[in-house]
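What you are looking at is a predicted structure, and each value in this text was computed from that prediction instead of being measured. Each residue takes its place number in the sequence, starting with 1.
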Amino acid sequence: MKTATLLILTFFWISASYSQSIEEIIDSANAKIEGQDFKGAIADLSRAIEIDEKNVEALHLRANTKSIVGDNSGAIECYTLTEQCQNKS
């Protein structure tokens, strides 16, 4: 029993130490955009949106980045979600 409890506590401690805040993820995406790693930035922003699907900053930045890479339908979808979230606020 003690071993199981120790393993569970260790797992949660490790998980918490590796988790990033949405702000850190967006900062990472911005750095990738500056380095022209647009696909990496989109992946980061998608992860931020998975954490908080109503994060307007992440949605808008992902829309802009999708537009840069020529994913116009994806950009429109993100812009639409951004607008919906802003209207609900």
Side-chain angles (χ1 to χ4, degrees):
M1 183 69 176
K2 289 180 184 179
T3 304
T5 303
L6 182 59
L7 286 172
I8 291 170
L9 290 174
T10 302
F11 171 77
F12 284 116
W13 179 77
I14 291 171
S15 296
S17 66
Y18 283 104
S19 66
Q20 289 181 298
S21 70
I22 291 177
E23 291 81 17
E24 292 170 325
I25 296 170
I26 291 172
D27 288 344
S28 173
N30 277 318
K32 288 178 181 174
I33 291 167
E34 287 179 21
Q36 297 189 358
D37 177 11
F38 302 118
K39 291 185 184 210
I42 291 169
D44 282 355
L45 294 164
S46 295
R47 191 162 37 115
I49 294 164
E50 285 177 11
I51 296 169
D52 179 6
E53 63 188 24
K54 296 179 182 176
N55 186 294
V56 173
E57 182 181 7
L59 284 164
H60 191 261
L61 191 55
R62 187 174 71 171
N64 288 344
T65 308
K66 285 188 174 206
S67 180
I68 290 169
V69 298
D71 180 4
N72 295 327
S73 63
I76 290 168
E77 180 181 339
C78 288
Y79 285 128
T80 302
L81 290 171
T82 302
E83 187 176 318
Q84 289 172 352
C85 289
Q86 288 174 331
N87 289 338
K88 290 181 182 177
S89 304

When you group the ILVMFWY residues by side-chain heavy-atom contacts below 4.5 Å and let the links chain together, are Leu61 and Ile51 in the same group?
yes
Indicate if Ile76 and Val69 have the same hydrophobic cluster label, given that clusters are the connected sets of ILVMFWY residues with side-chain heavy-atom separations under 4.5 angstrom.
no
Can you name the ring-ring contact (aromatic ring centres under 6.0 Å, His included) partners of Tyr79, sequence neighbours left out?
His60
Any residue meeting side chain to side chain contact (heavy atoms under 4.5 Å, CB included) with Glu57, in chain and number order, not counting sequence neighbours:
Ile26, Asn55
Calculate, to the nearest 0.5 Å, the distance between atoms CG and CD belonging to Asp27 and Gln20 respectively.
9.5 Å
Distance from Leu45 atom CG to Glu50 atom CD, nearest 0.5 Å?
11.5 Å
Residues, nucleotides or ligands: over 12 heavy atoms within 6.0 Å of Glu24 CD:
yes
For [X], all residues meeting side chain to side chain donor-acceptor pair (under 3.5 Å), sequence neighbours excluded:
X	answer
Glu23	Ser21
Ser28	Asp44
Ser46	Arg62

Cut-off 3.5 Å, no hydrogens considered: what does the side-chain donor-acceptor table look like for residues 34-42, sequence neighbours left out?
residue, atom, partner, partner atom, Å
Asp37, OD1, Gly40, N, 3.0

Donor-acceptor pair, Thr82 side chain versus Cys78 backbone, under 3.5 Å?
yes
Ser67 to Ala75 - nearest heavy-atom pair and separation:
N-CB, 3.8 Å
To which residues is Leu59 joined in a hydrophobic cluster, defined by side-chain heavy-atom contacts under 4.5 Å among Ile, Leu, Val, Met, Phe, Trp and Tyr, whether direct or through other members?
Ile49, Leu81
